[in-house]
S.K.: 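The following block contains the structure, expressed as structure tokens.
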Amino acid sequence: MAAENEDPACRRWPNRIYGVGDEPDPRFTLANERTFLAWIRTALALMAAGVGVEALNAATPSGPDPLRTSLAVLLLLAGVACSVAAFGRWMTMERALRTKAPLPPPKLAPVLGFGLGVIGVAVVVLLLVSGL
């Protein structure tokens, strides 16, 4: 039988987040969770695009193109970075909500925006070089 004074927040993971501050309004916690899941969907889409580019690259009759492989690797790395940063952002936001601290500025959005701009330029160069 569990002790009556056992705090349910201490059983949640990560304890370094749930062990500090007060429980925020559930709407804010759920909004933070939805934002995290949106970043995870973005990461999944980036990784799927990388796999798709490499699959098309492997299916070309002339053989694999190093530019397409580089583009696929860039997309995959962007997806991995997005998923890792999403968890870090979720933790930072949850801690700020629990401690009633100011919310931190977004770091992931500008990096992803500029990164996708670079990838877009790479796609245009790839299309011009390959003559498609």
S.K.: Any donor and acceptor pair, going by atom type alone, linking the side chain of N57 with main-chain N or O of D65 inside 3.5 Å?
M.R.: yes

S.K.: Could you tell me which non-hydrogen atom of L97 sits nearest to which non-hydrogen atom of P24, and how far apart they are?
M.R.: O-CB, 4.0 Å

S.K.: Hey, what do you get for OG1 (T92) to CG (L103), rounding to the nearest 0.5 Å?
M.R.: 10.5 Å

S.K.: If you compare all heavy atoms of R89 against all heavy atoms of P106, which two are closest, and at what distance to 0.1 Å?
M.R.: NH1-CA, 3.7 Å

S.K.: For the backbone of A58 and the side chain of R68, can you confirm whether one donor and one acceptor N or O come within less than 3.5 Å of each other?
M.R.: no

S.K.: Return the minimal non-hydrogen interatomic distance between A86 and W39, and the atom names on each side.
M.R.: CB-CB, 3.5 Å

S.K.: In Å, rounded to the nearest 0.5 Å, how long is the span from CG of L37 to CG of N32?
M.R.: 10.0 Å

S.K.: Check whether any side-chain heavy atom of L76 sits under 4.5 Å from a side-chain heavy atom of V80, and report yes or no.
M.R.: no

S.K.: Let me confirm one number: the SG-CG distance from C82 to L77, rounded to the nearest 0.5 Å.
M.R.: 12.5 Å

S.K.: Taking the side chain from R98 and the backbone from Y18, do they hold a donor-acceptor pair closer than 3.5 Å?
M.R.: yes

S.K.: Under 4.5 Å between any side-chain heavy atoms of E33 and E94, yes or no?
M.R.: no

S.K.: Return the minimal non-hydrogen interatomic distance between P14 and M91, and the atom names on each side.
M.R.: CG-SD, 4.1 Å

S.K.: Under a 4.5 Å cut-off applied to non-hydrogen side-chain atoms, are L75 and V51 in contact?
M.R.: no

S.K.: Are V129 and L71 connected in a single hydrophobic cluster, I mean Ile/Leu/Val/Met/Phe/Trp/Tyr linked by side-chain heavy atoms less than 4.5 Å apart?
M.R.: yes

S.K.: Is there side-chain contact between L116 and L112, with heavy atoms separated by less than 4.5 Å?
M.R.: yes

S.K.: Could you tell me whether the side chain of V123 reaches within less than 4.5 Å of the side chain of V53, counting heavy atoms only?
M.R.: no

S.K.: For the atom pair OG (S83) and CG (L108), what is the distance rounded to the nearest 0.5 Å?
M.R.: 9.5 Å

S.K.: Are L74 and V121 connected in a single hydrophobic cluster, I mean Ile/Leu/Val/Met/Phe/Trp/Tyr linked by side-chain heavy atoms less than 4.5 Å apart?
M.R.: yes

S.K.: Any chain of hydrophobic side-chain contacts (each under 4.5 Å) joining L127 to L67?
M.R.: yes

S.K.: What closest approach, in Å, do P104 and M93 show between heavy atoms, and which atom pair accounts for it?
M.R.: CD-SD, 3.5 Å

S.K.: Under 30°, 30 to 60°, or over 60°: which ring-plane class applies to W13 and F87, parallel, tilted or perpendicular?
M.R.: parallel

S.K.: Working to the nearest 0.5 angstrom, can you tell me the gap between T35 OG1 and I40 CD1?
M.R.: 12.0 Å

S.K.: For R27, what residues pass the side chain to side chain donor-acceptor pair (under 3.5 Å) criterion, not counting sequence neighbours?
M.R.: D25

